[in-house]
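Quantities reported herein were computed from a predicted structural model and do not represent experimental measurements. Just so it is clear: chains get the letters A, B, ... in the order the sequence lines come, proteins before strands, and each one is counted from 1.
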Protein chains: 2
Amino acid sequence: MSQDAAYLAQLQDYYARHRVFPPYSGIGELLGLRSKSSVAALVARLRLEGYLEATPDRRLKPGPRFFERTLAESVRAGFPQAADDSARESLTIDEFLIEHPSRTVLVRVKGDSMVDAGIHPGDIAVVERTHMARPGDLVVAIVDEEFTLKRLARDREGFLLLPANPAYPPIRPKGSLELFGVVVGIIRKYGNNGTGK
Amino acid sequence: MSQDAAYLAQLQDYYARHRVFPPYSGIGELLGLRSKSSVAALVARLRLEGYLEATPDRRLKPGPRFFERTLAESVRAGFPQAADDSARESLTIDEFLIEHPSRTVLVRVKGDSMVDAGIHPGDIAVVERTHMARPGDLVVAIVDEEFTLKRLARDREGFLLLPANPAYPPIRPKGSLELFGVVVGIIRKYGNNGTGK
DNA sequence: GCGAGTATAGAACGATCGTTCGATGTGTGC
DNA sequence: GCACACATCGAACGATCGTTCTATACTCGC
């Protein structure tokens, strides 16, 4: 039933708030279902679609699709996500940003040396560890035992690191350039309550 | 006991894997405690320290400190997450950015009117639908049947929308301002293979 | 070596879990 | 209007939950 979508949304909200699922009876209360068997039927449906899973202890856990979001292009009129089922352009932000989880690290950005590239202090860089990068890539390098996020460039003298802020000079590594990884994404969270920026 | 730290780590790993807690008996198995009362004692200790909490149904849920991130700060030497076991990435990016899943929409940013705020075309805005916003917030408003991302401001004449790019003029809504939501986060993906930018 | 304090084991308890069944209600198509 | 499908209800079931209690091992300081 299409009602299921609304039920799922409530479950997702509950999970976002508590990071845990309520028991069937609790789900019933939450959703306005007075019988646990109704909940069981709902759960079975959501399970088939991959939103929920069960632990060996018969408890509920989020399924692969539980965290999916639909990406809305800025449409002309009407609201985003208008097409409920047409374009299934939905996936998890993690899946979207992180291709190789085991090699990926999150690093908080310090300093404003990359503001012109749209990277502000406090942002979180999604860094994939590697020793290969091409000129033009945003990289995290190790300079003077410090991590630094810069754009990799190359001239006739060799590699160098370019800030994206005229107030900072380019860095030309003495000796070899020690690369930590390449930046594959950026995350920024705006504090609703004055947390972040 | 100092053993607790190791127990907590195992619990965090389990939670990261399943996004849910096992029952007491399962915790016992996981940790090598043969008695549920041992688990109960451990849980009580971890609860006092704020790592765990209990739902009204007497189930476990993560406490405020459970997700304390060792989000690799730019350290002096060595690598981030150097300590193999100290680095727990137990919170997903989705959970980090999205507080109210049912009210949250992803919208791709078009145009460069917000570049000075570090928001580039192609970035994805995490938008929480609401009709309330405060001056200073980044908002998605509906102007001329188009979505537009601007900073909300207010002067003696009323609300207006400020771009973050000198090439664009401020927008003063005729009549009332139609708000779609507030921007709670930004995601950017750098295409390794020429996907994005 | 011995007592104090703590961590664990083990068993018993009522409460609550998720499952299952048949009955009731609601909607759609013929 | 009637039959069919489906969602929900309400009650019963055994299984498992978390709590609690007492008894046993361990670790110190002296």
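Checked against a 6.0 Å centroid threshold, the rings of A/Y51 and A/Y7 do not count as neighbours.
Separating the CZ atom of A/R58 from the P atom of D/dT16 is a distance of 7 Å, rounded to the nearest angstrom. At whole-Å resolution of the value, CG in A/D57 and C1' in C/dG18 are 12 Å apart. When the P atom of C/dT16 is taken as reference, atom CZ of A/F21 falls 22 Å away, rounded to whole Å. In this structure, CG of A/L42 is placed 16 Å from P of D/dC6, rounded to the nearest angstrom. Rounded to an integer number of Å, the gap from B/Y24 OH to C/dA15 C1' is 14 Å.
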Please produce a list of atom pairs where a protein N or O lies less than 3.5 Å from an N or O of nucleotides 4-6 of chain C.
none

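Shown here are the salt bridge (Lys or Arg N to Asp or Glu O under 4.0 Å) partners of B/R103, two or more places apart in sequence or in another chain: B/E128. B/A153 meets the side-chain contact (heavy atoms from CB on, under 4.5 Å) test with B/L160, B/L162; sequence neighbours excluded. Partners of A/L152 according to the side-chain contact (heavy atoms from CB on, under 4.5 Å) rule, which considers only residues two or more places apart in sequence or in another chain, are A/A133, A/V139, A/F159, A/L161, A/L177. In terms of the side-chain contact (heavy atoms from CB on, under 4.5 Å) criterion, residue partners of A/D112 (sequence neighbours excluded) are, by chain and number, A/V115, A/P121, A/N165, A/Y168. Every residue meeting the side-chain hydrogen bond (donor to acceptor under 3.5 Å, both in side chains) condition with B/S102, not counting sequence neighbours, appears here in chain and number order: A/D13. For A/R17, there are no side-chain hydrogen bond (donor to acceptor under 3.5 Å, both in side chains) partners at least two apart in sequence or on another chain. For A/S38, the side-chain hydrogen bond (donor to acceptor under 3.5 Å, both in side chains) test picks out no residue, with sequence neighbours left out.
Applying the side-chain hydrogen bond (donor to acceptor under 3.5 Å, both in side chains) rule to pairs touching residues 22-36 of chain B yields B/S35-B/S37, sequence neighbours excluded. Identified under the salt bridge (charged side-chain N to carboxylate O under 4.0 Å, His left out) test for residues 49-59 of chain A, with sequence neighbours left out: A/E53-A/K61.
Among A/Q12, A/R69, A/K189, the single residue meeting the side chain to side chain contact (heavy atoms under 4.5 Å, CB included) criterion with B/I98 is A/R69.
Here B/R45 reaches the OP1 or OP2 of C/dT8: one of its side-chain N or O atoms lies under 4.0 Å away.
As judged by a 4.0 angstrom heavy-atom cut-off over every strand, B/Y7 is placed among residues touching the sugar-phosphate backbone only.
One end of the helix from C/dG1-D/dC30 to C/dC30-D/dG1 points its axis 40° away from the other end's axis, with each axis taken from 5 pairs and the angle rounded to 10°.
Of the residues in residues 26-38 of chain A, A/L33, A/R34, A/S35, A/S37, A/S38 come within less than 4.0 Å of DNA chain D through at least one heavy atom, sorted by number.
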